[in-house]
Amino acid sequence: VVFAIAMYSCMLLDHKLHVRFHKDRNLTGLLATLQKMHYIHHATHASNFFFVSGIVWDLLFRTAVTKYVPLRRHAHSGH
């Protein structure tokens, strides 16, 4: 039961943060950093699958991305 409550609470927090990140453009401090990382998540969702609260997993797995660098597409040489 405790696990279910914790899981639901995390999912609710994640949803609330997600809505706020898309609604409020003037966040500051930690929320602004998490918002920036969330937008990077949207831009790189093909390789970045975590939720808004994914910072916990990013810290655990050392996959945090705080700067968006678009992938360069190379022209196929035909060889």
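The figures here come from the full heavy-atom set of this structure, side chains too, leaving out hydrogens, waters and symmetry mates.
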Handout entry: Cluster check V19, L27: I/L/V/M/F/W/Y, side chain < 4.5 angstrom
Key = no

Handout entry: Aromatic plane relationship, H38 with H22 - under 30° parallel, 30 to 60° tilted, over 60° perpendicular
Key = perpendicular

Problem - Minimum heavy-atom distance L34-F21, with the two atoms named - result: CB-CZ, 3.6 Å

Practice task
Kindly give the cluster partners of I5, where membership spreads through any ILVMFWY side chain lying under 4.5 Å from a current member.
Solution key: V1

Practice task
Taking all heavy atoms of Q35 and all of D24, pick out the closest pair and write down the distance.
Solution key: NE2-O, 2.7 Å

Problem - Transitive ILVMFWY side-chain link L17 to L30, under 4.5 Å - result: yes

